[in-house]
Each structure stands twice: as structure tokens, then as C-alpha cells.
Amino acid sequence: MDRERHTEKVALVTGAGSGIGRAAAARLVEEGARVIATARKEEGLRALAEGAAGTVETVQADLTDSADMERVLSRVRDVGRLDILVNDAGIMDGFLPLHELDDETWEAVLAINLVAPVVLSRALLPLMMAGGGGSIVNVSSLAGFRGGTAGAAYTVSKHGLIGLTRSIAASYRNSSIRCNAVCPGGVATAMGRTATPRSAWGFEQYQPALSLAGRIAEPEEIATVISFLASDEASNVNGAVLTADNGWTVL
């Protein structure tokens, strides 16, 4: 832990009410950042703010709601700068294969996992550019480059997030803005614990890959990777897709 790593930086972290998002927000605060934390559930944000050893401002918001999204953006603009954006908010899809995927699930998963990071990044990139640069960290997944660890909607959304990462990295590299993705394997989060299969057939197809997952990581282990990618220590790391999966992908 480097308690001065992010001194005087301003960070926005989505999905900060629990899991990886909360751990990332807490880590950034402990390392000196001023953090604006957003999540759908107020209780998770309250717990984060009460336990933080630094400056945390919370904005309860559903990022699929345009009015809520505007409240988050307005809060960041009121601060007047943004150095770090962590796009972590995400939901699962019940392991639904394509032929069983309903429109409601498809739209809900894409809205929070992919569209929200697009909207946030698009709106806040000009603020980063005006401030001389910044770092965006997108929390993707092994499902971002593999086809057998989640259902169709989740897999597509996380593939898309990697494409977004690479596009931002290529487009804004000369503006001193870096964009990288971290791809966790199994993590002990509320999302993981509540990822109840909605398709017995689909879940059966994914078992060969899922059985290789190995040890389940703690959210704090992923937060350390996010903090590094967001930091000046990673100044030459741009467009990277970094796995944090205890070697799952090499099996």
C-alpha cells in the first residue's frame, strides 16, 4: 500500500457499493485519492463512506437511468476535474445461452455492463483532456475473451468492454489518457454468489471451463491491480488487457 500514490487525484468509481468496486474505491481513498463513489444501493455506499480513511463522496444512482446518470456526471463536473475513472458496475445473465436469451435480460446486461461505461467515458473524456490526462480502468472478465464462462449477454458485454478499452487507448494516447482493462476470474462478490443459473442446459455447457477456475479471489486482490493501472507507475501501460485469474487462462 502506497498511501501517497494517488494524492490530489480525483476518481470516479462505479459499482462501489460492494465487491470489486467497493474494494477499489477503498483502496484509492487509502492511497490518497478523492473518490466519488456511485452504486444503485444506498446501504453499500453508506458502509463504504463510514469505513473510509479519507475523502469519499457518494452518489446513489442507477446508471441505466438517464436522470441518474446526469446526476453522477454533474457531480464530477462540479468538482472540476477527473484523473481516474473505474468502470466496475456490472450484472450477470443467469448463464443463459443465446437460444434461451430473452430481450429483457439482453438489454439489462448490455445497459449496465457496456452502455454505461460508454456513456460515462464519452462524457468525461473532455474533462480529462482539459486537465492534461487521466486513466480509465474498465473491469471486464475472462468472459471478455472466452466463450464458455458465462451466458451470451454477459460474454458479449465483456467482449465489448475490451473493444472499448482498446479504442479509447488508441484514440487518446496523444492526449495523455490511458485506458486499460482488468479481467478477473472467480471473485468472492455478491454478484458471483447470486449468479444463479437460469438455464440448466446452458450451465452444463459451461461446466468444463468453470471447473478449472481454482481459487476464488478476494475483491481486494483485484483492487490492487486496478490501483496500479490507474497510477502513474503504469504510465507506459495503455490498451492492456490484464488477467487477474490465478492462472485460469493458462490451463
Side-chain angles (χ1 to χ4, degrees), residues 12-22 24-25 37-45 58-73 85-124 136-165 167-168 181-206 209-210 219 222:
L12 171 64
V13 181
T14 73
S18 64
I20 295 171
R22 180 191 289 185
T38 184
R40 285 191 290 183
K41 295 183 178 180
E42 181 67 36
E43 57 268 31
L45 291 173
T58 63
V59 183
Q60 187 277 326
D62 178 352
L63 296 180
T64 66
D65 180 272
S66 58
D68 280 11
M69 175 67 82
E70 186 54 41
R71 285 196 299 109
V72 173
L73 293 173
L85 170 60
V86 179
N87 286 309
D88 171 69
I91 59 174
M92 284 289 286
D93 62 1
F95 296 94
L96 290 173
L98 189 58
H99 76 283
E100 296 183 37
L101 178 61
D102 57 280
D103 289 347
E104 183 178 0
T105 300
W106 167 255
E107 292 167 4
V109 171
L110 268 290
I112 192 65
N113 291 10
L114 182 56
V115 175
V118 168
V119 172
L120 283 168
S121 300
R122 180 181 63 190
L124 295 173
I136 299 174
V137 182
N138 293 322
V139 180
S140 184
S141 164
L142 293 194
F145 49 88
R146 300 184 67 173
T149 58
Y154 188 84
T155 299
V156 169
S157 71
K158 293 303 186 178
H159 271 70
L161 198 54
I162 288 177
L164 176 66
T165 298
S167 177
I168 292 172
V182 58
C183 295
V187 184
T189 66
M191 184 174 73
R193 289 190 293 270
T194 58
T196 304
R198 293 167 55 196
S199 168
W201 185 89
F203 193 61
E204 182 181 354
Q205 311 314 306
Y206 307 133
L210 294 173
I222 311 304

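- Remark: the backbone N or O of Gly163 is not paired with any side-chain donor or acceptor of Ser167 at under 3.5 angstrom.
- A distance of 10.0 Å separates CD1 in Ile91 from OH in Tyr154, rounded to the nearest 0.5 Å.
- Every pair passing side chain to side chain donor-acceptor pair (under 3.5 Å) that includes a residue from residues 106-118 is listed here, sequence neighbours excluded: Asn113-Ser157.
- To the nearest 0.5 angstrom, Ser199 atom OG is 11.5 Å from Leu98 atom CG.
- Scanning all heavy atoms of the two residues, the minimum distance from Thr149 to Leu210 falls at O-CD2, 3.7 Å.
- One finds the CE atom of Met69 at 8.5 Å from the OG1 atom of Thr38 (value rounded to the nearest 0.5 Å).
- A 4.5 Å side-chain heavy-atom check between Trp201 and His99 finds at least one atom pair inside the cut-off.
- Counting only heavy atoms from C-beta outward, the side chains of Val118 and Leu164 approach each other to under 4.5 Å.
- Residue Thr189 holds its OG1 atom at 9.0 Å from CE of Met92, rounded to the nearest 0.5 Å.
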For residues 137-144, which side-chain donor-acceptor pairs fall under 3.5 Å, sequence neighbours excluded?
| unit_1 | atom_1 | unit_2 | atom_2 | d |
| --- | --- | --- | --- | --- |
| Asn138 | OD1 | Asn87 | ND2 | 2.9 |
| Asn138 | ND2 | Thr165 | OG1 | 2.9 |
| Ser140 | OG | Lys158 | O | 3.1 |
| Ser141 | OG | Ala143 | N | 3.0 |

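- Using modelled atom types, one side-chain atom of Ser121 and one backbone atom of Pro117 make a donor-acceptor pair closer than 3.5 Å.
- Checked for salt-bridge contact, Asp102 and Arg198 meet the test: a charged N lies under 4.0 Å from a carboxylate O.
- Note that the CD atom of Glu43 and the OG atom of Ser18 stand 9.5 Å from one another [nearest 0.5 Å].
- Between Ile20 and Pro184 the shortest heavy-atom distance is CD1-CG, 4.0 Å.
- A donor-acceptor pair under 3.5 Å is formed between the side chain of Asp68 and the backbone N or O of Asp62.
- Between the side chain of Gln60 and the backbone N or O of Arg40 there is at least one donor-acceptor pair closer than 3.5 Å.
- Considering CZ of Arg22 and CG of Leu45, their distance stands at 8.5 Å, rounded to 0.5 Å.
- Of all the heavy atoms in Pro197 and Phe95, the pair that sits closest is CA-CD1, 4.1 Å.
- The two residues Leu124 and Leu12 have their closest heavy-atom pair at CD1-CD2, 3.7 Å.
- Residues Phe145 and Ile162 come closest through the heavy atom pair CD2-CD1, 3.9 Å.
- Thr14 pairs in a side chain to side chain contact (heavy atoms under 4.5 Å, CB included) with only one of the listed residues (Val72, Leu120, Val86), which is Leu120.
- In this structure, Ala209 and Gly148 approach most closely via the heavy-atom pair CB-O, 3.3 Å.
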